[in-house]
Visitor: 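Sharing a structure with you now.
All values derive from a computational prediction rather than experimental measurement. We count ligands from 1, going down the list as the structure has it; atoms in each ligand are counted the same way.
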Amino acid sequence: MSPKHQAPRGTRDLLPGETERWQWAERQAREVLERYAYREIRTPMFEDFELFARSSGESSDVVQKEMYRFQDLKGRDLALRPEGTAGVCRAWIEHNLGAQGRVQRLWYAGPMFRYGRPQKGRFRQFWQIGAEVIGTPAPAADIEIIALFVDLFEAWGFENLTVMMNSVGTPETRRVYGERLRQWLEPARERLSVDSRARLETNPLRVLDTKDPQDLEVLTGKELSGPRPRMLDALDRESREHWDRVLAGLDALHIEHEIDHGLVRGLDYYTRTAFEVHDRQLGAQSALGGGGRYDGLIELLGGPSTPGVGFSIGLDRTIMALEDRAPALPPTPMLYVATTDGTREVAPSFVRALRTVYAVDFDLEGRTLNAQMKAADKSGARLVLLLGDEEWKRGEIILKDLSDGSQQTVEADALVEAIDQRLEPATSEEEE
Ligand code: AMP
């Protein structure tokens with residue numbers, strides 16, 4: 001029987017058991033970001049459609065096919081954000097963040113929305129965590145952002161990651177290179193997919209993004225004259241210098257990287273440095289994260305000419321790739337408060353006081369002691385605090401240790417000490 005309502009296609013629920021793994025991953029990330037002295041920014045999940053149309057580029061897949069675009073009741077043209085950088089830059093301009101310091105180091109995390117065809121590792125609502133350095137064209141910023149990117153993956157337990165690198169130069173480089181690519185592909189035009197043929201006219205670089213097997217075959221260039229032109233050969237002098245300095249910086253930090261001449265990134269706003277990390281075991285949707293420099297973006301959005309560089313990482317895929325390496329956190333040592341008919345009424349205030357210190361469960365339905373003890377077992381609680389009629393009158397509580405079945409009666413005044421004594425040995429064992 002299928003329920004009447006299901007999560008919309010391409011979205012999913014993260015249930016307890018799964019959320020602990022997410023919390024762990026988010027906590028690891030936050031620690032690294034704090035050590036890098038990045039500060040969190042939270043921007044709205046929807047913005048003017050125009051913001052994304054401008055920043056991502058009218059011809060990008062994201063804008064053409066994947067946007068959750070809608071009108072609100074006043075007819076405003078809005079869209080759910082497909083990525084985080086445009087909103088961050090909009091906020092940077094709107095609040096004049098440049099006045100608060102030459103260089104801003106920012107991070108964000110949250111859901112993004114793209115109307116793609118759902119498949120393994122591709123969702124219509126997915127989470128990204130990202131970082132941006134806004135305000136400097138210095139290669140040191142690219143190097144730092146890539147080091148941070150790599151260190152996040154390391155904190156999550158990934159090993160031997162290789163960062164794929166390319167430079168997409170300036171808009172001028174891309175125009176020149178796009179034209180070279182178009183000319184090179186021209187003899188094979190008829191064998192390209194309909195999409196790629198269209199891109200050949202509007203934005204030839206986008207052809208390099210194709211996933212179509214036939215297109216990929218054409219791109220190997222076996223049947224074309226000469227090797228495929230490379231973007232790096234089309235770089236202007238400054239972009240070339242920038243590129244050399246970024247690579248030297250990565251070498252100095254011993255960050256594994258390889259050049260991928262086909263890496264162009266999906267969005268139009270990138271300039272110079274572009275990078276990605278893949279996990280081949282994930283199959284077709286293997287990109288875990290990527291980023292690059294976007295020196296023209298803030299100006300394009302109506303701000304002062306201001307360079308920036310950043311990345312975003314897809315948390316859904318990253319956590320999938322981690323499998324059970326993202327540990328579900330052990331439950332907090334839990335107490336279960338059990339009552340008899342005579343003490344049921346004191347339970348809420350007793351539990352409330354305990355909850356200022358411990359994670360505490362108790363029965364809400366006035367069930368029998370027997371049923372409460374079964375529930376305590378199921379809850380994963382370590383200790384049961386049994387409020388017996390007679391004991392309660394004497395100011396005593398029965399402490400039952402579910403790990404070994406032992407039991408003691410303690411004075412209310414000595415309760416916390418007795419609980420801690422029972423919980424502590426277990427904690428120190430876990431830490432070893
Ligand atoms: P992008 O800006 O498109 O390179 O996205 C950055 C990262 O977000 C990718 O490397 C993926 O890990 C993740 N991502 C992008 N689109 C999706 C999606 N539809 N579902 C899940 N993750 C995604």
Side-chain angles (χ1 to χ4, degrees), residues 7-14 18 22 25-26 29 43 45 51-52 55-57 59-68 79-89 107-132 145-146 148-150 152-153 156 158 161-166 168 205-206 208-211 260 262-271 273-294 297 308-323 326:
R9 184 167 149 75
T11 71
R12 61 200 179 126
D13 301 308
L14 297 172
E18 177 78 9
W22 281 69
E26 287 158 7
T43 65
M45 279 186 230
L51 176 74
F52 302 119
S55 61
S56 300
S59 70
S60 66
D61 271 3
V62 162
V63 172
Q64 291 277 318
K65 300 189 211 152
E66 299 186 348
M67 203 71 107
Y68 274 97
L80 297 184
R81 62 182 182 192
E83 54 96 33
T85 304
V88 170
C89 289
W107 70 272
Y108 62 85
M112 307 294 161
F113 307 85
R114 294 183 196 173
Y115 190 78
R117 194 172 55 77
Q119 53 174 287
K120 183 172 182 248
R122 193 202 280 154
F123 306 98
R124 289 182 173 172
Q125 174 176 323
F126 58 97
W127 279 71
Q128 284 186 341
I129 191 158
E132 320 283 356
I145 223 56
I146 295 171
L148 169 57
F149 182 71
V150 168
L152 283 169
F153 285 106
W156 288 318
F158 286 89
L161 280 181
T162 302
V163 185
M164 307 309 292
M165 301 278 308
N166 199 10
V168 296
L205 258 68
R206 286 273 90 82
L208 297 178
D209 272 347
T210 185
K211 301 258 163 48
D260 176 352
L263 200 164
V264 287
R265 304 282 301 139
L267 305 174
D268 280 352
Y269 57 60
Y270 286 104
T271 51
T273 314
F275 58 94
E276 273 179 8
V277 149
H278 290 255
D279 184 324
R280 303 287 164 209
Q281 284 163 7
L282 281 183
Q285 301 301 318
S286 64
L288 294 180
R293 185 164 268 291
Y294 46 86
L297 180 58
V309 59
F311 64 75
S312 69
I313 296 172
L315 274 178
D316 303 77
R317 283 184 206 166
T318 299
I319 291 171
M320 266 165 62
L322 277 171
E323 289 169 2

Visitor: Which heavy-atom pair separates Q128 from E83 by the least distance, and what is that distance?
Guide: OE1-CA, 4.1 Å
Visitor: Looking only at N/O atoms, are G290 and ligand 1 under 3.5 Å apart anywhere?
Guide: no
Visitor: Enumerate the atoms of ligand 1 whose separation from the nearest heavy atom of S312 is less than 4.0 angstrom.
Guide: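 In order of number, 2 (O), 6 (C).
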Visitor: Heavy-atom pairs closer than 4.0 Å: do any link ligand 1 to the side chain of R317, the backbone, both, or neither?
Guide: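 Side chain only.
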Visitor: Under 3.5 Å, N or O to N or O, is G289 touching ligand 1 that way?
Guide: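 Among all N and O atoms of G289, at least one is under 3.5 Å from an N or O of ligand 1.
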Visitor: With E18, which residues qualify under salt bridge (Lys or Arg N to Asp or Glu O under 4.0 Å), at least two apart?
Guide: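 Result, salt bridge (Lys or Arg N to Asp or Glu O under 4.0 Å) vs E18: R21.
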Visitor: Check T318 against ligand 1 and report side chain, backbone, both or neither, counting heavy atoms closer than 4.0 Å.
Guide: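 Near ligand 1, T318 shows nothing, with every heavy atom at 4.0 Å or more.
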Visitor: Within this structure, what is the CD-CE distance for the pair Q125 and M45, rounded to the nearest 0.5 Å?
Guide: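 Atom-to-atom, Q125:CD and M45:CE are 7.5 Å apart.
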Visitor: I want to check a possible cation-pi pair here: R114 against F126, using under 6.0 Å from ring centre and within 45° of the ring axis as the test.
Guide: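 Negative - R114 is either too far from the ring of F126 or too far off its axis.
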Visitor: Measure across L288 and A321 and return the closest heavy-atom pair with its distance rounded to 0.1 Å.
Guide: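 What the structure gives for the nearest pair is CD2-CB, 4.3 Å.
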Visitor: Under 4.0 Å, heavy-atom basis, I'd like to know which part of M112 is in contact with ligand 1: side chain, backbone, both or neither.
Guide: neither
Visitor: For R122, is at least one N or O under 3.5 Å away from an N or O on ligand 1?
Guide: no
Visitor: At less than 4.0 angstrom from any non-hydrogen atom of G121, what atoms of ligand 1 do you find?
Guide: 20 (N), 21 (C), 22 (N)
Visitor: Where is the tightest heavy-atom contact between Y294 and C89, given as atom of each residue plus distance?
Guide: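 In terms of heavy atoms, the two residues are closest at CE1-SG, 3.8 Å.
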Visitor: Taking all atoms of both residues into account, what is the closest heavy-atom pair of E132 and V88, and its distance?
Guide: CG-CG1, 4.1 Å
Visitor: Could you tell me which non-hydrogen atom of V264 sits nearest to which non-hydrogen atom of L208, and how far apart they are?
Guide: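 The pair with the smallest heavy-atom distance is CG1-CD1, 3.7 Å.
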Visitor: L288: heavy atom below 4.0 Å from ligand 1, yes or no?
Guide: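 Distance cut 4.0 Å: L288 passes for ligand 1.
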Visitor: Should you measure from each heavy atom of A287, which atoms of ligand 1 turn up under 4.0 Å away?
Guide: 9 (C), 10 (O), 11 (C), 12 (O)
Visitor: I want to confirm something. Looking only at heavy atoms, which of Y270, F123, F311 is nearest to atom 20 (N) of ligand 1?
Guide: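 Nearest heavy atom to atom 20 (N) of ligand 1 lies in F123.
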Visitor: Sequence neighbours left out, what passes side-chain contact (heavy atoms from CB on, under 4.5 Å) with P118? Give chain and number order.
Guide: R9, R124
Visitor: Which of the atoms in ligand 1, numbered in the order shown and given with their element, are less than 4.0 Å from a heavy-atom of F126?
Guide: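 What qualifies from ligand 1 is 14 (N), 15 (C), 16 (N), 17 (C), 18 (C), 19 (N), 20 (N), 21 (C), 22 (N), 23 (C).
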Visitor: Return yes or no for this condition: an N or O of Q128 is under 3.5 Å from an N or O of ligand 1.
Guide: yes
